[in-house]
There are 2 protein chains.
Amino acid sequence: MTDPLVTILDDAPEIRQILADALEDAGFRTMSFGRATEFEAFLRKTTPAVCLVDLSLPDKDGLTLVHRLALEQGAVVIIISGRAQVQDRVMGLELGADDYIIKPFDPAEVVARVRAHLRKERSAAQAQSNIATFNGWTANFDSYVLENDENPATPFSHAEGEVLRLFLDSPKRLISRAQMQESLGGVAGESFDRAMDVRISRLRTKLREDPKNPRLIKTIYGAGYIFLGDVTWV
Amino acid sequence: MTDPLVTILDDAPEIRQILADALEDAGFRTMSFGRATEFEAFLRKTTPAVCLVDLSLPDKDGLTLVHRLALEQGAVVIIISGRAQVQDRVMGLELGADDYIIKPFDPAEVVARVRAHLRKERSAAQAQSNIATFNGWTANFDSYVLENDENPATPFSHAEGEVLRLFLDSPKRLISRAQMQESLGGVAGESFDRAMDVRISRLRTKLREDPKNPRLIKTIYGAGYIFLGDVTWV
DNA sequence: GACGCTTGTTACAATTCGTAAGGTTTAGGA
DNA sequence: TCCTAAACCTTACGAATTGTAACAAGCGTC
């Protein structure tokens, strides 16, 4: 996929320049416009991923433009404006803008906000994969199945998955029982300790660990556990 | 559909109150939390539409919480923080937050921003289409028919369609039994639980799910269901 | 009214997962 | 070296949760 296109609509050339530089450094393609009419002509041919729009335009009312843009094209619309009043911001957002940034702005924040909006759009369509490999094993958190060459697909439960995920997220690091208890939603002070033991025990049998000599889930007496696999998330 | 649920996580009761009042006036349901651990326990049971999170929490690092929230649950995350530095804002946004509001805030703007994010999500999710595809399947809500390469057109009923639509509208997100019950018009407290089970069971057979190892509709024991398809509305 | 379809209800089977109980391991002191 | 207490592991059990087959009620069609 090509880099997402971000358009900049502002009558001040120096602001267009600052935004364009920052966005291009961040890996976006940009198109800049000084007048709304030019911009509208461009919109007839292409739909950008994100539109940065200044409200104070010489040749057109910015708000109606924003309204149409958001409603008809479905692009992400970010208003960049010198009008800092709460009413202005609320009106801009109600009219269809997705964000409202006040001048003077920091280019880094603009880039971060553009990224955040694009990320959201994308994550709605395709969430990241949930598969990890370690020492010959493959753990699939979509189908909740463990697998390796010698062993057929072994399903694991949600509770076991919580523990496994905790290990896979911080391999080769000590995980204290207190930490684990918190991550697993156990209420402190309760007798959740034994429950944890059991979860780990069950996970170990599914990983075909030798009880006398566990290779993956190592117990540190009095401290916690360490997961020793070489983890790669696919 | 019922009003969207907005959660508020802030250690200051007066701020929780202000936000809750403003949001409820605007027609949202709210849930307030003063501690991250309480909030996390709640998240195990249901997924809110929007989460307002203060970063300075007494019992936990807010940023890692935001990160997990955004990544795993896919909810809209809005940070509300007193830290006004650009670096703070950029970091928050990069870590997965969808918006960053600085204290002191105007409740009207918070409401407007919540609305803006929800509007975007909804328009992206279901672009007034009645046909969705996922993992080789095509679901047509006009003709109430399911289809894929291996299986001929399989009609599904209205009740099955309600469940399927719920899944297709929020794929890869935990849907609690309570949420589902509400969406399906079941009256709480009744013995609607079994009916839900049965609906899901019937839907599963139509989707040719392997009972031992369902690939699309995943049960989370004690919590709810997750639909794992890659959904695209046509 | 008979038929077919939908859908909730009931009853029972299957699964999940914490708890209890007893065994094993570990660290450290005598 | 041996003993002891604490930490940890494992097995069995059972309560709670979830799955599903079978039945029955409701509804439209012929």
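Order of the sequence lines fixes the chain letters, A, B, ..., with proteins taken first and strands second; residue numbering starts at 1 for each chain.
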Please enumerate all residues that pass side-chain contact (heavy atoms from CB on, under 4.5 Å) together with [X], with sequence neighbours excluded.
{"X": "B:A223", "result": "B:L174, B:I220"}
{"X": "B:S201", "result": "none"}
{"X": "B:E147", "result": "B:V145, B:A153"}
{"X": "B:Q17", "result": "B:D21"}

Just so I know, are the side chains of A:F134 and A:L216 near enough to count as touching, which here means a heavy-atom distance under 4.5 Å?
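Contact flag for A:F134/A:L216 side chains = yes.
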Mind checking salt bridge (charged side-chain N to carboxylate O under 4.0 Å, His left out) for [X] and listing every partner two or more places apart, or none if nothing turns up?
{"X": "A:R89", "result": "B:E109"}
{"X": "A:R173", "result": "none"}
{"X": "A:E209", "result": "none"}

What's touching nucleotides 13-18 of chain D from the protein side, N or O pairs under 3.5 Å?
from: D:dA16; atom 1: N3; to: B:Y221; atom 2: OH; distance (Å): 3.0
from: D:dT17; atom 1: O4'; to: B:Y221; atom 2: OH; distance (Å): 3.2
from: D:dT18; atom 1: OP1; to: B:G222; atom 2: N; distance (Å): 3.0
from: D:dT18; atom 1: OP2; to: B:R177; atom 2: NE; distance (Å): 3.3

Nearest-nucleotide pick for B:A195, side chain only, options being D:dT20, C:dT19, C:dG8:
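The nucleotide sitting nearest to the side chain is C:dG8.
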Nucleotide D:dT10, atom P - distance to CG of A:L207 in whole Å:
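To the nearest whole Å, that distance equals 12 Å.
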Please determine if a side-chain N or O atom of [X] lies less than 4.0 Å away from the OP1 or OP2 oxygen of [N].
{"X": "A:S201", "N": "D:dT10", "result": "yes"}
{"X": "A:R199", "N": "C:dG18", "result": "yes"}
{"X": "B:K212", "N": "C:dT15", "result": "yes"}

Residues from residues 157-164 of chain A sitting under 4.0 Å of DNA chain D, heavy atoms only?
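Listed by number, there are none.
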If you round to the nearest 0.5 Å, how far is OG1 of A:T138 from CD1 of A:I131?
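A:I131 CD1 to A:T138 OG1: 8.0 Å, rounded to 0.5 Å.
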Listed partners of A:T47 passing side chain to side chain donor-acceptor pair (under 3.5 Å), at least two apart:
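Counting only residues at least two positions away or on another chain, A:T47 forms a side chain to side chain donor-acceptor pair (under 3.5 Å) with A:Q73.
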Just to verify, what does B:Y221 make a ring-ring contact (aromatic ring centres under 6.0 Å, His included) with, not counting sequence neighbours?
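Testing B:Y221 for ring-ring contact (aromatic ring centres under 6.0 Å, His included), a comparison that skips the adjacent residues, returns none.
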Five-pair end axes of the helix from C:dG1-D:dC30 to C:dA30-D:dT1 and the angle they enclose, rounded to 10°:
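Its terminal axes enclose an angle near 10°.
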